[in-house]
Every structure is written in C-alpha cells, then in structure tokens.
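When reading the values below, keep in mind they use all heavy atoms of this one structure, side chains included, and skip hydrogens, waters and symmetry mates. This structure is a prediction, so every number in the text was calculated from the model and none was measured.
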Amino acid sequence: MSTAAAFRQKTITYGLIGFAAVMAIAFIAPSEGYYLNILMHAANYAIAVVGLVIVLGYCGQFALCQAAFLGIGAYCVGLGTGDYGIPFFVALFLGVVITGLVGIFLGLTTLNLNGHYLGMVTIAFQMIVTMVLTNWAGFTHGPDGITKIPRPAGFGGGSTYLGLCLVCLVAVLVFAYVLKASRLGRAMQAVRDNEIAASTCGVDVFFTKTVAFGICAALAGLGGGLFAGAFNYISPDQFSFGESVVLLTMALLGGVESAFGALIGTVLLVVLPEWLRFLRQIYLAVYGGAVIAIMIFMPRGVWGLVSKYLFKTAPIGSAPVKPLPLLSRSATVSDEIVLETIGLAKYFGGLKAVDGVDVKVRKGSVHALIGPNGSGKTTMLNLITGLYVATAGTVKLSGQDITALKPHDRTRLGMCRTFQNIRVFRGLTVLENVIIGAERRGNDVEGIDDVTERALAALDFVGLRDRAHLPVGDLPYGHQRYVEIARALAGSPEILLLDEPAAGLNSTEKTEMAELLQRLKGHGTTIFIIDHDMRLIEQVADHITVLNFGRRIADDDPRSVFTHPEVIAAYLGEPRNETA
Amino acid sequence: MRFSSRFVLALVSALGILAGFSTAASAQETIKVGLIVPMTGPIAEIGLLQTEGAKLGVEKINAAGGVLGKKLELVTEDDQATNPGMVLAFSKLINRGDLVAVVASLRSTQMNAISEDSKKAGLPVFFGGTDPTLTTTGNPWFFRARPSDAYSAKVIADYGVNVLKKKKWAIVHSTDAFGTNGSKALIAALKELGVEPVVVQSINNGQTDLTPVVLAVRQSGADIISSYVAYETDVGLLARQFKQFGVTAPWVGSPSVSTTTARNLAGPALYDTYSVADFAAEANPEAKSFSEEFNKKLGRLADYTSGWPYDSVMLLAAAIKAANSTAPDKIRAALLALKDFRGTEGVYNYDKNGEGLRGYNIVQNKEGKIVFNRTITFDK
Amino acid sequence: MSMLPQLLFTGICIGSIYALVSLGFVLLIRAANIVNFAQGQFSMLGAYFMVILFASLGLNYGLSLFLAVVLMAVFGVLFACVSYWPLRDRNPIAVIISTIGAGILLDNTVLAAYGPSPQVLRGLFEGEGFLVGPIYMDSQYLSIIVVTAVLVSLQYLVFEKTTIGKKIQATSQDREMAAILGIPTALIVMGIFAYSAALGGLAGILIAPILYVSVGISALIGVKAFAANIIGGFGSIPGAIFGGLIIGIVETLGAAYISVPYRDAFAFIILIIVLLVRPQGLFGERISEKA
Amino acid sequence: MKLLEIKGLTARYNAGEVLKGLDLCVEEGEIVALLGSNGAGKSTTLRAISGLMANVSGEIVFNGAPILGLKTAAIARLEIAYVPEGRRLFPGLSVRDNILLGSSNRRGAPATQLKKEVDAMFDFFPDLKALEHAYAWTLSGGQMQMVAVARGLMAKPKLLLLDEPSLGLGPKIVQQVFKIIAEIRQRGTTVLLVEQNASVALAVADRAYVLDAGVLLVSGTPNELWGNKQVRAAYLGGLAASA
C-alpha cells in the first residue's frame, strides 16, 4: 500500500473517530448553562486557534489579530441575521468569505514585511477593528453589542447547536491535518523552515504566505460566526487585543505544530482560568506566569511534549521504486548552451562582488566555477537562481531570458540548486523534504503517489532510502547534503546547481560525493558546480570557469585551467622570487 | 436531543466535582444570593464597594434573625469587568441551581449581555445599570435597583434649565452604552424644555488627554456642562483640564462625578460641581443610617456603588418575607406587590418591567464634601 | 484656530511620554534584540513604587523619586533574568510571548497586591501651571517636556561621549565581536535592562499625576510607545523620539479636528502607512547590505 | 618560549567535526601562518582559541596556563586579540571609536593614555587619519581591514590572531596589509595568521602549518613549504601539483 493511500485511510479513520466523539460529547453534554457555555466557547475558539496553527505553526508567520478576525466573523452573523435578515448559514458563509478576503488583503499588504513589523501591523489592524466595532455605532450597534442573535432552524437547542460547533471543529481539524500533508501544507512548512530554499524549490513564498493568512482568517471567521450563534450575544470587548493574545497563547500552549495542539491548548486555557478562579484576585497573575513558564519549559507546547513520547514515525516500506528517469537517459555533452550569463554583475554599494561575467554552460556537461574566497562564486549562483537581483547583465536558460524572473519561476523552468550552508527544511522528515523538490511545478510527475515514488527514487540514488522517515535534523551533516541533492534531483532538473557540495565533509564523505557526481554524469543532466576541493573538481568537471575579484580570469578545460599562471597566482599568490 | 434532567444533573455534578466545585452538603441551611462583581480588571475598585454594600445588607438581615428562619448567604463571582466574563459568571451561578436571586452589575452593557440568559434562568436579577432600554425589553426577571437614566437626564435637564436657568448646554459623554444612551436621553429631555445643546463631545474610556474635548467645549461658549462619563479617571482628567483651561460654567453630571473615587482623584477640580445622585447620604433616613454603618465598618464614605446592592438585598429579603417562600415566581410577585419600599436610593414601587425608582437627587460637591441639594421625582 | 498652539503643546507633552517609554524599548531591541511587550508595565510599576514610597510611606518627594527609579532598575534585572535570559538563544517570538506573559503577570500582581483603586500622585511641582500667550502650560506637562529633553540629551552624551556608552553601542551592534574585545556583554545587557526599566518607570511617575495611577496605564502607554518605535524606525534612537512626538501630536490634532473617539486609530493609521511606504521607518538606519 | 600550545584540539559544529586532533605551537615573537583551503579548519582554530566554540576538547595553553573553557571576554583580558574574518567592525560607530574599543580588555587603563594610543594608531595607519570620524560602514574593504587590525593592536596583545586579512582585498592593498603585519612583529607582537593566500602569508611568516579537512597536513618554514606538492595539491588539486 502506498504511503498516500495509508494516509488517506488514517485520515478517514481519525475523522470517523472524531465524529463519533463529537456525537458522544453532544449527547452527554448538558443542554443549558455553564458547562454548555464552556464547551461551546472552547469549540469555537479552537476553530480559530487552528487558524493560528496554520499561519504560525505551519507557515511561521506571527499574527496578533486573530480576535479581530473572530470578531468580523461574529459580526457578519450577528448583523447579517439581525439587521439584514440573511439566513444563519448564509451569514456564516459570508463571514468566512469576508474574513478570508480581509486576511488575504492584510497578507498582501503586509507580508513582505516580517517578524516584528508584521506583528505590529497585525496589532494595529486589531486595534482599528476594535475601534470600528465600538465607535461605528450606526452599523455595529456600538459598545452595547448585538443581542438576540438567532441560531439556525433545527439547531436551537443547546446540545444540537453544540453538535454543530463540534462537527465544524472536527471538520476543521481534519482539514488542518490533511492540509499539513498536502502540497500547499508542505509549501507552508518549507516557507517556515527556510524561505530561500523554499523559493528555489519552486514554492511561491509570497503566494503561500498570503494563502496561509487567508485560511487563518477564514477559520477565525468560522469560529466567530458560530460563537455569535452560541452565545446569542456579541460585543466589541469580546474581540479585543487581549483576546488575540489569549488565542495566541492557546496555540502556543497546545503546540503550534499540530491542529491537535490547538485543540488541547484551547481546552486548557478555556477551562484553566475557570478552575483557577478559586485563586480570586491573583488568578490572572498566575495565568501570566504560566505563559512565561510554557515558553521556557515547553517550547513545543503540550502536544509537542506528548507526541515526542507517543509517536515514532514508522520506517517507509522498502518496496522497489522506479529509478530516477534522468538516470535512464544517456547523452553526451552537446554543443547546445543550456545556461548563459552575459555581462552579469552585482554591486553591493561600492563593492563589485560580480563584475561583468560571461559563462556558457553546455547541455549535459559538468561545469565548475572556482575561485578564491570572496571571488564572487556564491553571488554568481545567487544571481543565476534569482535570489539576488542583478545590477547588470543577462541570464538565459535554454535561450530564454530569465533575468527578471523570481526564483520559483526559474525553478519551474528546470533550475534546481543546493546550498553551501545547508538549507534543508528542519521541521520536516527526509522524505517530505525531497517530496517538496519532486512536486515543483514543471516537473514531469503529478499526484502524491507518483511524487512520493519519485522522491523515494531520489533518496535511493543518494543512499538515504532507509532514513526517509526521520526528521531531517536528526541526520548527520554529510547526509543532510545528500538530502539537499536528492531534493534537487527529484525535481528532474534541466540544470542542477551545486554550491560547495563537499564543504564540511571529511575525506571519506568527499570521495563518496565524487562518486555520486560521477554516477550523475552522462545522463544529459547539466551540472553547474562550485567547490573549493580541487580534487573533487578535477574528477568531475568537463569545463572550469575561474573567478577572482568578481571577474572571470580563466575559462577552459581543467588541465589548462589548473596550469594557468593567473589561476595559480590567484590561489597561491605570485610565485616567490626564488633568488630572494 | 433532550435528556432526562436527572442524567444532566448527574453529569453536571460529575463535571462539577472534576472541576473542584463540589456542591457543599450544607446547601439547605442558608438562602443563597448570587453576587456578580468585577474582582479583576479596570473597575475592580467598584466591585469591592459593591460587595461591601451587599455584605452590609446581608449582615443586617442575618443579625435580625434572617428570613423565614434562615440566614442569607452571598455567593460571589468575578465578571472581570467584561461582557464575556459576565456571561460566564452568570451561567456559572445559575448552574449551581441553589440560588434564589442574583445581584448583578451596574454596567448596562453587561446586563444586555445576560438579558437572554436571565430569561431562561428564571430568577429575579437585581441590577444597577441605568440604561433606560434595559426595562423595555420585556424581561420579567430584571429588577432595577437604581433609577434609570431616563430620569437622571430629566432631572439634569430640569435642574439646569429651571433652577440654574442655563440655556447653552455642552454635553460630554463616553462612547459606551451608558454614555451614549445617557446623552441621547439628555438631548431628548432638553428638547422637551425647548433647549438644543451647543456642543456634544464623545470620548472613549481611558484617555491620556482630553485637551481637544475641553477646548471644543470652551469654544462653544456653553454656560452649562453636563456629562455622562463612565470612568472616574476620565472624570478626574476632564475636571482638571476644565479648570486649567478656565472653563468655569456650572457642571451637572451623571453620578460618576460625585463618587468617592472621583472626588479623591480630582480633588479641588471638582469643587462646586453638581451631579445627579441616586444615592445621597442626606436624602433620606435609610441612606443616612446606611452611610453611618458603612463608614464605621470601612472608614470611607458610602456612595451609590454600595447603596444599590444593599437595597437589592433588603428588597429581596422583604419580598421573601412577604411571599413566605423562596420560589422565584413568588418572589417576583411579592416584589411587584411591594408598595413604597423605602431604600437608600429612594422609594421603590416596581412596575411589571422592573422599574422601581422614578427620581434623582441633586447633590453638590462643596470642598470635597457631598452636600444634598434636593430630590426631584416624577410620576410615571 | 486659536486652539492650535495649545493642541501642539499638549501633543508634544503626550508625545514626550511615548518617546521616553519608546527609548527604553529601543535600547532593549538594540542591545538584546528583544521586543519587550511589557514596557508599558514598567511605567505602571514605576508609578506604583512612587505611590508606595511617597504617598504611603510618606518619604520626601525627591528621595521617593530616587528610590523608585533605583527599584525599577533592580526590577529590570529581575525581569531580564526571568523572561529573557532563559530564552535568549531561542526564536525571538518566544521572548515576545514571554514578555506578554510577564505583562499580564505584572498587571494582575499589582492589582491583587496594591488594590484596585486608582491612586493620586502629585507632580514634580506643586503649582498648577500658568498661561503663556494663548497656551496654558500645565506644570506637570512642562516638567514632562523638560525631563524628557534632559534625559534624551543626557543619554546622547553618555552614548556618544563616554567609553561605556560606546561599549553599549558596540554590544548592541555586534555582541560576539564586543565579547572578543573583552567587553563584558552579559553585564552590559543586564545594565540596559535596568536602565530601560528605570526609564519606563520614570515615564510612569511623570504621567501619573495626569492619568492617575492605575493598572490601566500599562496598556495606554505600552502600545503607543511600540508604535512610535516602528514609525521612527525599528531600533533607532532618534526615531523613537520623533516617532513618539509624531504620534502625540497627530493623535491630539486628529482628536480635535477629526474625531475624538477614533483618536487611537490615528497612530495606527500612520503606522500602517509608514510601514507600507517606508518599512524601515522614518529614521531607519541603513547599514550596507554586505560589509 | 612557547606562547601558545595546542594539543589534540577537536572541535565540532552541530553539523560535524571540523578539527580532528590538531597540534600546533607558537613561539613568542613569531609569525605563524595557518594555511589550507576553505573548510580546512583554520578559522575554527582561531575561534576555539578565543573561546567562541561551544564543542571543543583537547588542550589550549597560553603563557603556561590552560585557557580552554574560559569565557571570550576573559580570554581577551589575557591579552589575546582576535581580528576575525570579515573585519566585524561596529558599523554604527566611528573609526576612532572602533579603534578605541579595542582597548576594552585593558581594564583600568587611563582614558588620556588610551587617547594617546589611538592617536598613535593614526600615525601608524596614516590613511585612516582622514576617516577618523566616519562611520565604519562607509569604509572600503581595505580601510576596514586597517581599522580592524588597529583595533586588535589597541588590546596591547601578546598574541594577535588574524583571520583572512587579505579576504576581498585587491593585490596592492594585500601587500600593504602584509607590510603592516611584518611591522607589527617588529614591535614585538606574536602573530598567528590564518590565510588562504599562501604566497603572501609565507612571505611574512616564520613558520607555517598547512591544514586539510581538520588535520595537519604538513608544517615547516616557508622555504620548506614553498613548492611543496602537498601544499599545492591542498589548494589546487592533483592536476596543478603534477604540472
């Protein structure tokens, strides 16, 4: 059975268990009063907190305005059903759509900011929403809030409405669970773990973040809409900045890596202050102290702590997979030019890191770029892959001018790379890392089963198949390099760019790396490699370009390059005056 | 999906025990009254005074042997000064199932929040929120223990126009339910007297500076100021800045202008201001004796924040005695039947909407001391 | 029209407070790379120390002021030890959240310990204020402007003219390199926490006679100071000062000429505009991409 | 007399071992060069000496006392100055302040004395005099390197650790920097120099060690090393060595 099928089966099982649990809870829950309120409160908040898990846990973006989204959703239902006579479910749907759109809009305007700035803009948004809800009394009913919000027909009773909330919650949990293992979910996690690597794996970082924000907001809208129906009453102070902090704390306490964490965190924080009420005046103080303690002692939240002991990922089946298609091709070096740079330059202020370099890479060749430290090699690679915007010059891939393209668009055209300072997605397993490479747009496989098979084939090729299920961070340094290479190879690249693949490897590992590169040769895949280890370069390179001070000083076959006096001078300095 | 109430009860008590609230076995020996006050949050100060007022009432009843041979007992919950906090606190109290009545909040917006729940709960709920609309929603269980702002506005307008003879009115109000509705009522009351305010300014609760508001009032040339400002810190700030910018027009404000806290904060800046006060120590003998006891016990002056919970407890005790029962519907009937009940806030005659008081006192701040000026009452 | 000078004066005063709190904020960002969401609570706590020392214990005003500031400095170190030090090597978001927790803890501890009543604290001078032309100068507003100006100049002198100031700057610019040169960086970071807390506390003491002393002032001041900082440029000292003044003036004028209830929105609208048009802030320092 | 002695030094980052049992020593008054290609472990050696590496084992003895495990600032106070790769100037401080802060390890040195010493630095690096009040980030690479060296010298170090002083500098500036390094030794300061550019390093060094993948490949005097095939191979591979 394929992993994907197993995942589907697992999802269906969990989903059914969830729905059964919901039925049970709704059946035994009291139909009125305090405990019902607590349960509904927890269920609706949990939906919003799952949204935070997606934006913060999956996608790594910090948002402090979840209560504002919750409020917008709640007011859509409150105002829609009351003032405009829209049926409940239509109003709820409208609420989800509107919050989703607001989330996307906020994302579009602010997501090219990051970290503290994004946090601040979301706070500002939160404050403005609160102010509008309070002060635009003609529309929002002002600080009094909206009373007598109806529940939909057939869901008027406490238990039935709780059942509805819980069904939505389970659906959202299943959605989040499926999302995490989907292409989009993996893209989000890739963005979280390493934006640069994500973009060179073909992930549109900006789009992914915006979608994550939209989903996050839409879920808060759903939770808010249900909340309005649950309590029949909403007012602006229920959706204040303080509540955003509470929602964030719920996500963090439970653990942001998983939707189940959201559920645990929400239940704990809804119930905990209620239990802590015996502390009277100081219970909120205890709550504040608890937040600090969680950050210090439980960085991955309750779920992180639990899942660490409960779950061990099972090894992936070892059934044979189709080898990488690129290996079955055979081709010699042709005269066709795959990659060409013309007068490529990059200046940082006054520093000319790359200064008008021409390179022509022939199809099927292994082309090396060497030069002393600081000669501009990595800058060159960043220009080719689009991580830097060129100051001048042109980059062409298979004759097409790609100078203006974003990194992920270049990847779509078949440009895959590795990094000198390894950039793997640390929160993901080895297999998931490679799958992200395999599912780049423009690759010749589609569908999770085929993509997984391709990823396993790539891992087979680099000899890490038996480690596929491990978190990538558990692998030794050398193996992480191979994961990066497998990730790039799984995308069946037109051209593979390797940035110092041998850096940090010991001599045995270096020999293995050389062998791996030898095995890749002669199948029509073009390789563009930077490295300092000349023994590696001279084993694999068909052609070498040498840079010094950002300029090309040699461009020839290996033997000629290594005996080129200017090259020797660049590395070893001018020959000593022997008579001295 | 309906379940037998026994099953629900079993589950509730199971959960209750889990949650650490085992309902004590001594439940039968006292008559329990719920009390919801802000114990945390920005107006926890008021919660403290409210609790003390209610406690004094309970102590007085119990000292006289209780009601129907049983002592009264208060069960207090924190509403955190927020609406959701109020909803939770109320449902938590109702869930106990052993209360005969609840003394709730003096914030109108919080009463709005629990209006629907209280209909379901079916217990008399005493409250101090003065938003006139609270007694027009047809909730049979709401009993207001203070006069509504419909009367405070009428009294302010009447006193300003007919006694002080002022025609150029400036109104400053908070943007919350209390302030907005109060100012609406005042504008309406002034209109009846043929006066249009020259300036109306609204402020959010908790401000850093009110210079723009004060300057706007000064520029309008108003010869009288009235205010519906909820927070005492805002009143204090407003008072000081009026004084600084030489705005000396007489000020007739809502009760927050004459509270102990406001007078402590603003000091001389509030001297000579008038305010409507549902509670004034000199207004009637009940208020006078309550003030003395309160002062003796706590060493500070009583005001409306403690007066109305005290009245609520006394009203409840009287109703239970009259009904000779603690059944909610009988208490309600007894409350409606009470005639000319003399409380610290005035003379209660409840109508079916739960409106009991129809007048206000005018008091003046004379060098920090509250001096009773007059009581103005209206017929229905 | 005659309102304008008065409004400007008020705006500058309110802005000075934001600037003062923001200044403490910036220092922590620069020296320890932490965004302290409990900065407003520093002000609240400072005011309460003052209430305890001056109003309750009846000490002389100057002595109380001195002791309150010293206590705040000590508190700053304590704060660092609890909510920053254990998390210093982790994701900055962890520290942000921990300071949010510390804020909740502080607000509610004060509420529980010192009671909920707002307290009255007298100003630096006992006089009320006086008229200068069309402007009424409240003595406390005036002292806020003066103290802020003096502190800002003093800080400038210390930072730019003394070796210790340069060591602080060095630590904030490159902590590892500062350690390589033998600068005791951990000590300096703790010192900055102490100074930042003292500064926040002083701001609280200055604003207390105007806003009264209550737990509510934390939120009132903290968020605005943060916004000031971003408008001025994250981590920029002149930015913090001008950002604070800009917010103070804009919100006062906005309240007077546009809408009083939306007063707090003006600061955030400017903030969003600045972030979208000039994300590094008005005074954001541009240090070249590659050294 | 041995000023610095390293025995069996092993160092690792999270990623893996970078140094595997390195032995070396520096005599007082010498210039010793550490050579090798990128990733050989040269800079790691200097970082380990300065107390900047978390996972190290082995022995580092300075002036007769073990220093492994001391905090970075404490090591600086033992009069070891480290001029790291990439210069690491404080970008928002002036050139003068950057240089002045080099003396941070000398606690108790009077301010007037330090001011005189900074002035003396400007005499030693006359090109910097005009830039005295410029922010460090506005400088060119060569100027930055001068400031970094001057800052290192302000520590009055017994041992100066220089990491890749030629990195990113043009040939003429490299010559200038190395002339200064030679002069520094004339003034009695011991220098341990990490350098990729073998020829310029060998031109000033008394002895050199060549590292390869974290182990010592060969060591000796410049004359012994120059033209050594192993050295050439370490830099340029077998093809170049056989040429």
Side-chain angles (χ1 to χ4, degrees), chain B residues 37-49 80-81 172-176 179-180 200-219 231-237 239-247 259-269 300, chain C residues 1-4 6-11 13-15 17-18 107-108 111-112 115-122 128-131 134-141 207 209-217 219-221 224 247-248 251-265:
Chain B
V37 297
M39 298 194 289
T40 50
I43 55 164
E45 162 82 358
I46 286 172
L48 198 81
L49 298 173
Q80 301 169 58
V172 182
H173 68 89
S174 327
T175 53
D176 60 6
T180 319
V200 178
Q201 288 277 314
S202 58
I203 58 172
N204 289 334
N205 291 336
Q207 287 291 305
T208 43
D209 176 79
L210 290 170
T211 308
V213 173
V214 170
L215 291 181
V217 169
R218 189 175 73 176
Q219 287 211 325
Y231 281 24
E232 275 115 340
T233 47
D234 291 327
V235 171
L237 188 58
R240 207 187 38 235
Q241 295 197 322
F242 271 139
K243 193 172 172 228
Q244 287 175 351
F245 293 113
V247 180
T259 57
T260 319
T261 314
R263 278 176 286 136
N264 277 344
L265 292 182
R300 55 189 292 179
Chain C
M1 248 320 75
S2 66
M3 276 160 65
L4 193 61
Q6 181 68 52
L7 291 170
L8 281 175
F9 173 75
T10 304
C13 291
I14 300 295
I17 287 293
Y18 297 153
D107 273 350
N108 290 285
L111 205 56
S117 336
Q119 303 290 320
V120 183
L121 191 61
R122 89 158 163 80
E128 284 274 322
F130 44 87
L131 270 171
I135 306 177
Y136 177 84
M137 305 231 172
D138 180 288
S139 64
Q140 189 63 21
Y141 275 17
I207 198 85
I210 294 165
L211 295 185
Y212 307 111
V213 185
S214 70
V215 171
I217 59 178
L220 220 55
I221 297 177
K224 295 281 178 57
I247 291 186
E251 70 174 25
T252 307
L253 293 183
Y257 295 112
I258 303 171
S259 156
V260 180
Y262 282 98
R263 169 190 188 122
D264 295 323

What residue, out of C:T252, C:V120, C:I210, has the most heavy-atom pairs lying under 4.5 Å from chain B? C:I210

Out of curiosity, C:R263 CZ to B:N204 CG, how far, rounded to the nearest 0.5 Å? 9.5 Å

State the CD-CD distance between C:Q140 and B:Q244, to the nearest 0.5 angstrom. 10.5 Å

Give, for atom CG of C:D138 and atom NZ of B:K243, the distance between the pair rounded to the nearest 0.5 Å. 11.0 Å

Taking the side chain as C-beta and beyond, is there a heavy-atom pair between B:T233 and C:L211 under 4.5 Å? no

Looking at C:A256, C:G11, C:S259, C:C13, which has the largest count of heavy-atom pairs under 4.5 Å with chain B? C:A256

Largest heavy-atom contact set with chain C, pairs under 4.5 Å, which of B:L265, B:L210, B:D234: B:L265

If I measure from the heavy atoms of chain C, does B:S202 come under 4.5 Å with its side chain, its backbone, both, or neither? both

Is the closest side-chain donor-acceptor distance between B:N264 and C:Y212 under 3.5 Å? no

B:Q201 versus chain C, the contacting section by heavy-atom distance below 4.5 Å: side chain

Hey, are the side chains of C:L7 and B:P212 touching, using non-hydrogen atoms and a 4.5 Å cut-off? yes

Could you measure the distance from the OH atom of C:Y136 to the OG1 atom of B:T211? Nearest 0.5 Å is fine. 11.0 Å

To the nearest 0.5 angstrom, please state how far the CG atom of B:D209 sits from the CD1 atom of C:I14. 4.5 Å

So which part of C:F9 gets closer than 4.5 Å to some heavy atom of chain B, the side chain, the backbone, both or neither? neither

